[in-house]
K.L.:
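Structure provided below as structure tokens; questions to follow.
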Amino acid sequence: MLQSNFLSKTLRKNPKDSVAISHQFLVRGGYIQQLTSGIWSLLPLGFRVYQKIENIIREEMTAVGGEELRMPALQPKEIWTASGRWNSIDPPLFKFKDRHKKELALGSTHEEVITKIAGSFIDSYKDLPKYVFQIQNKFRNELRPTAGLLRTREFVMKDMYSFHATNQDLDAYYLKVAQSYKKLYSRCGLEAMMVNASSGTIGGDSSNEFIVAADSGEDNIFLCPDCGWATNSEVGGSLSVCPQCQAKLIAKKGIEVGHIFKLGDTYSQKMKALFMDERGNKKPIIAGCYGIGLERLMATVIEVNHDSKGIIWPQEIAPFQVHLLGLDLEDEKVLSRAQEIYQKLKSINIEVLFDDRKETAGVKFKDADLIGIPWRLVVSKKTGDKIEVKERREGKEELFTENQLLDKVKAIF
RNA sequence: CGGGGUAUAGCCUAACGGCCAGGGCGCCUCGUUUGGGACGAGGAGAUUCUGGGUUCGAAUCCCAGUACCCCGACCA
């Protein structure tokens, strides 16, 4: 991709009212733009990162047996009155009427819709278990959106739902999903802790949150350094000692990047999603649900992967794998050299962003730091027929020949 | 929703109640530059959020509305 073709531009100054680092760098780097409070566009650069995260999540959910589907954002009032949540869910639904005066809502979560679907196909214990997920826009009438992408009113969520004949089967699968969550966060460059959590208005028997430690986070958690037990202060209160091993707990701030629930038969009971067991008894289906907010995950990555100059993307979700800066491009020899490197990298399927703009070296370096692609290459008069290579995170510059560069790149990606 | 704050060009901002709302970034033109946000000259770009009020005179003071931000609300 040629940087001269970008729609967005970088900004020198932080947006006026911005506080969160991720908010500042995402806007300044040209990744996102605000439409109105809590509602954001993902610009081409931001959308590339988003798509990488989406694909990682899709892969991991598929790996634990999930089948992808898509449920509607527009939902009728009836299913929400059936579950008893039309007026009680928090944050509230965006509600409105269609031209026939029929009441509708924009879905903030999909337990109602999926329970209706599952109930219609699952008749017997022989039909269980089943696992489905979607990656879809959610709408939440938040009291107050905050911090750029960290809390918004419209966002994309991966929501997975599992259906089981027994609580034991749910428990086993729940652990499996929890493991896949850890793996997925790690692929995104994050270390997430699983903590005991409140189930809020989703309901159910118990739930766990995945928290990434960050001073900018708004969740307070207590963590046991010895056995790894952890809880959100919402449920744990102000504990000082681990209930499992009596070690002294550590208090930390963090960002919630996922929440999984053992719903049990909460929705199946209310919405009559029943199956017949081995003895011919009708029973409510046992369910679990598992959610991740994608834009929040993206912002959280930046909260814990940046320096004073800009973002430092982890390899797997960077918008491009390498950033090639062409300096002195008015010099024919340098220009054709840079274009040659650009084409060679593309021909071995490296995602390369080529800064071919008519800008000074300083501008290109500053923008590269801000945008945060993990590997920076420079071709200029000074580098001659070599290529300067620098890792965004480490910051040491090395001169490579073309073959050394190609070998290195093949080894990394 | 309760509390607090802000609103001046695409972005960041200045302006005691007093001349034509000033500057920086970005944008256009010309020239000089070119390894860490270059320099000079010229140019375009504003209903100072909206509506009322006070005043000889309002970006500035008052009232109302709106929008956005921050703290609070068991939120992915």
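Proteins get letters first, then strands, A, B, ... in listed order; numbering begins at 1 in each. Below, each value reflects all heavy atoms present in this structure, side chains not excepted, and no hydrogens, waters or symmetry copies. On a predicted model such as this, the values are computed, not experimentally measured, just so you know.
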K.L.:
Can F365(A) be said to stack with the base of G35(B), given centres closer than 5.5 angstrom and planes under 30 degrees apart?
P.N.:
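No, the aromatic ring of F365(A) does not stack with the base.
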K.L.:
Scan P92(A) against the nucleic acid and name what it touches under 4.0 Å (heavy atoms): base, sugar-phosphate only, or nothing.
P.N.:
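P92(A): no heavy atom of the nucleic acid under 4.0 Å.
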K.L.:
Could you list by number each residue of residues 46-58 of chain A showing a heavy-atom separation from RNA chain B of less than 4.0 Å, or answer none if no residue does?
P.N.:
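The stretch gives none, as no residue of it lies under 4.0 Å from the strand.
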K.L.:
Mind checking if G362(A) touches a base, just sugar-phosphate, or nothing, with heavy atoms under 4.0 Å?
P.N.:
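If one applies the 4.0 Å heavy-atom cut-off, G362(A) turns out to touch the sugar-phosphate alone, with no base involved.
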K.L.:
Has R12(A) got a side-chain N or O lying under 4.0 Å from the OP1 or OP2 atom of G26(B)?
P.N.:
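R12(A) to G26(B) OP1/OP2: side-chain N or O found under 4.0 Å.
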K.L.:
Any strand is fair game: report the nucleotide pairing with G65(B) by Watson-Crick or G-U wobble, both distances under 3.5 Å, or none.
P.N.:
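Checking every strand shown, G65(B) finds its partner in C49(B), with both distances under 3.5 Å.
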K.L.:
Could you give the CG-to-P distance, from D367(A) to G35(B), as a whole number of Å?
P.N.:
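Distance check: D367(A) CG to G35(B) P gives 17 Å.
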K.L.:
Can you list everything that forms a side chain to side chain contact (heavy atoms under 4.5 Å, CB included) with Q51(A)? Sequence neighbours excluded, please.
P.N.:
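Once residues adjacent in sequence are excluded, the partners of Q51(A) under the side chain to side chain contact (heavy atoms under 4.5 Å, CB included) criterion are F47(A).
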K.L.:
Which of these nucleotides, C68(B), G37(B), A76(B), is closest to any side-chain atom of T10(A)?
P.N.:
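Shortest atom-to-atom distance from the side chain points to G37(B).
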K.L.:
From G36(B), A76(B), C1(B), pick the nucleotide closest to the side chain of L143(A)?
P.N.:
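Of all the options, the side chain of L143(A) is nearest to C1(B).
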K.L.:
For G52(B) versus U60(B), give the span between their P atoms, rounded off to a whole number of Å.
P.N.:
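After rounding to an integer number of Å, I get 14 Å for this pair.
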K.L.:
Is there a side-chain polar atom (N or O) of R151(A) under 4.0 Å from OP1 or OP2 of A76(B)?
P.N.:
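No, outside the criterion.
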K.L.:
So D219(A), base contact, sugar-phosphate only, or nothing? Heavy-atom distance under 4.0 Å.
P.N.:
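Base, at least one base atom sits under 4.0 Å.
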K.L.:
Is the shortest side-chain heavy-atom distance between L345(A) and V409(A) below 4.5 Å?
P.N.:
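The answer is yes; the side chains approach within 4.5 Å.
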K.L.:
For the side chain of D17(A), counting heavy atoms from C-beta on, which of C69(B), G35(B), C71(B) is nearest?
P.N.:
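So the side chain of D17(A) is nearest to C69(B).
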K.L.:
Is A147(A) touching bases, backbone alone, or none of the nucleic acid, heavy atoms closer than 4.0 Å?
P.N.:
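Touches sugar-phosphate only.
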K.L.:
Can you see if the side chain of R144(A) gets near the phosphate of C70(B) - specifically, an N or O under 4.0 Å from OP1 or OP2?
P.N.:
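Checking R144(A) against C70(B): at least one side-chain N or O falls below 4.0 Å of OP1 or OP2.
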K.L.:
Output the distance between atom CD (E54(A)) and atom CD1 (I292(A)), rounded to the nearest 0.5 Å.
P.N.:
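One finds 12.0 Å between CD of E54(A) and CD1 of I292(A).
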K.L.:
Which value, rounded to the nearest 0.5 Å, describes the distance between L327(A) atom CG and E359(A) atom CD?
P.N.:
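It comes to 11.5 Å.
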K.L.:
Go ahead and name the base partner of G57(B); Watson-Crick or wobble counts if both distances stay under 3.5 Å, otherwise write none.
P.N.:
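None - no nucleotide pairs with G57(B), as no candidate has both distances under 3.5 Å.
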K.L.:
Provide the distance between the two C1' atoms, one in U66(B) and one in G51(B), to the nearest whole Å.
P.N.:
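Roughly 10 Å separates the two C1' atoms.
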K.L.:
Does K262(A) have any side-chain hydrogen bond (donor to acceptor under 3.5 Å, both in side chains) partners at least two apart in sequence or in another chain, and if so, which?
P.N.:
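Applying side-chain hydrogen bond (donor to acceptor under 3.5 Å, both in side chains) to K262(A) gives D171(A).
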K.L.:
How long is the line joining CZ of F261(A) and C1' of C75(B), in whole Å?
P.N.:
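Computing the F261(A):CZ to C75(B):C1' distance gives 9 Å.
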K.L.:
In whole angstrom, what separates K358(A)'s NZ from C30(B)'s P?
P.N.:
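In whole Å, C30(B) P and K358(A) NZ are 14 Å from each other.
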K.L.:
When we call it a touch if two heavy atoms are under 4.0 Å apart, what does V378(A) touch: a base, just sugar-phosphate, or nothing?
P.N.:
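Base contact.
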K.L.:
Can you find an N or O donor on one side and an acceptor on the other, under 3.5 Å apart, linking the side chain of E388(A) with the base of G35(B)?
P.N.:
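Such a pair is found, so the answer is yes.
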K.L.:
Of the listed nucleotides (U34(B), G35(B), G37(B)), which one gets closest to any side-chain atom of E330(A)?
P.N.:
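Of the options given, the side chain of E330(A) lies nearest U34(B).
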K.L.:
Go ahead and name the base partner of A9(B); Watson-Crick or wobble counts if both distances stay under 3.5 Å, otherwise write none.
P.N.:
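Paired with no nucleotide.
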K.L.:
Heavy-atom nearest nucleotide on RNA chain B for K13(A) versus A20(A): which residue maps closer to 5'?
P.N.:
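By nearest-heavy-atom nucleotide position, the 5'-most residue is K13(A).
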K.L.:
Do V352(A) and H323(A) have side chains that get closer than 4.5 Å, going by heavy atoms?
P.N.:
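Result no, sub-4.5 Å side-chain heavy-atom pair not found.
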K.L.:
Is the closest side-chain donor-acceptor distance between H164(A) and S162(A) under 3.5 Å?
P.N.:
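Indeed, the side chains of H164(A) and S162(A) share at least one donor-acceptor pair under 3.5 Å.
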K.L.:
Taking the P atom of each, how far is G26(B) from A38(B), in whole Å?
P.N.:
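Those two atoms are separated by 8 Å.
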K.L.:
To the nearest Å, give me how far apart CD (E218(A)) and P (A76(B)) are.
P.N.:
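After rounding, the reported distance stands at 12 Å.
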K.L.:
Want to settle it: does H23(A) or P91(A) sit nearer the 5' end of RNA chain B, counting the closest nucleotide to each?
P.N.:
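Going by which nucleotide is closer to the 5' end, it is H23(A).
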K.L.:
Find out whether F413(A) and N349(A) are in side-chain contact, i.e. whether some heavy atom of one side chain is under 4.5 Å from a heavy atom of the other.
P.N.:
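Side-chain contact under 4.5 Å: no.
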K.L.:
Within a strict 4.5 Å, meaning less than it, do heavy atoms of the R140(A) and M157(A) side chains meet?
P.N.:
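Side chain of R140(A) against side chain of M157(A), heavy atoms only: contact under 4.5 Å found.
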K.L.:
Can you confirm whether V389(A) sits close enough to W375(A) that some side-chain heavy atom of one is under 4.5 Å from a side-chain heavy atom of the other?
P.N.:
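Yes - at least one pair of side-chain heavy atoms lies under 4.5 Å apart.
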K.L.:
With a cut-off of less than 4.0 Å, is there a side-chain N or O of K16(A) near OP1 or OP2 of U8(B)?
P.N.:
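K16(A) to U8(B) OP1/OP2: side-chain N or O found under 4.0 Å.
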K.L.:
Would K95(A) and W80(A) count as a cation-pi pair here, with the cationic atom under 6.0 angstrom from the ring centre and within 45° of the axis?
P.N.:
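No; the conditions do not both hold, so K95(A) does not lie above the ring face of W80(A).
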K.L.:
Can you pull out the residues from residues 27-40 of chain A that lie within a 4.0 Å heavy-atom distance of RNA chain B?
P.N.:
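Close to the strand are R28(A), Q34(A), T36(A), S37(A).
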K.L.:
Could you go through the side chain to side chain contact (heavy atoms under 4.5 Å, CB included) check for R48(A) and E351(A) one step at a time?
P.N.:
CA-CA 11 Å; R48(A) 289 184 73 97; E351(A) 296 170 337; 4.0 Å; yes
K.L.:
In Watson-Crick or G-U wobble terms, both distances under 3.5 Å, what is the partner of A44(B)?
P.N.:
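Paired with no nucleotide.
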K.L.:
Using the C1' atom as the point on both nucleotides, what is the distance between C49(B) and C68(B), in whole Å?
P.N.:
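11 Å, rounded to whole Å.
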K.L.:
Taking atom C1' in both C30(B) and U13(B), compute the distance separating them and give it to the nearest angstrom.
P.N.:
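C30(B) and U13(B) have their C1' atoms separated by 29 Å.
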K.L.:
Looking only at side-chain atoms of T152(A), point me to the closest of C75(B), A76(B), A73(B).
P.N.:
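So the nucleotide nearest the side chain must be A76(B).
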K.L.:
Tell me: NZ of K364(A) to C1' of G36(B), nearest whole Å?
P.N.:
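Checked: the NZ to C1' distance equals 13 Å.
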K.L.:
Given the C1' atoms of U48(B) and A67(B), what is the spacing between them in whole Å?
P.N.:
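Straight-line distance between the two C1' atoms is 16 Å.
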K.L.:
Mind checking if V363(A) touches a base, just sugar-phosphate, or nothing, with heavy atoms under 4.0 Å?
P.N.:
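Touches a base.
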K.L.:
Which residues pass the side-chain hydrogen bond (donor to acceptor under 3.5 Å, both in side chains) test with D307(A), sequence neighbours left out?
P.N.:
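Checked D307(A) against side-chain hydrogen bond (donor to acceptor under 3.5 Å, both in side chains); matches are R392(A).
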K.L.:
For A21(B), which nucleotide is its Watson-Crick or G-U wobble mate, given both distances must be under 3.5 Å?
P.N.:
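Because no pair has both required distances under 3.5 Å, A21(B) counts as unpaired.
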K.L.:
Expressed in whole Å, how much space separates the C1' atoms belonging to A21(B) and A9(B)?
P.N.:
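Those two atoms are separated by 11 Å.
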K.L.:
What is the distance from CZ of R357(A) to C1' of G26(B), rounded to the nearest Å?
P.N.:
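After rounding, the reported distance stands at 13 Å.
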K.L.:
A76(B) P sits how many Å from M194(A) CE, rounded?
P.N.:
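Atom CE in M194(A) sits about 16 Å away from atom P in A76(B).
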K.L.:
Rounded to whole angstrom units, what separation is found between the NZ atom of K9(A) and the C1' atom of C11(B)?
P.N.:
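Rounded to the whole Å, the gap is 11 Å.
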K.L.:
Taking G37(B) as the reference, what is the distance to C25(B) when you measure between their C1' atoms (whole Å, please)?
P.N.:
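C25(B) and G37(B) have their C1' atoms separated by 10 Å.
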K.L.:
Give every residue pair that meets the salt bridge (charged side-chain N to carboxylate O under 4.0 Å, His left out) criterion with at least one member in residues 335-347 of chain A, sequence neighbours excluded.
P.N.:
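Only R337(A)-E340(A), R337(A)-E402(A), E340(A)-K344(A), K344(A)-E402(A) qualify under salt bridge (charged side-chain N to carboxylate O under 4.0 Å, His left out).
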K.L.:
Between T360(A) and G37(B), is there a contact of a side-chain N or O with OP1 or OP2 at under 4.0 Å?
P.N.:
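Answer is no, no contact under 4.0 Å.
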K.L.:
Once you apply the 3.5 Å cut-off to both distances, tell me the Watson-Crick or G-U wobble partner of A73(B), or none.
P.N.:
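Check on A73(B): unpaired, no WC or wobble geometry under 3.5 Å.
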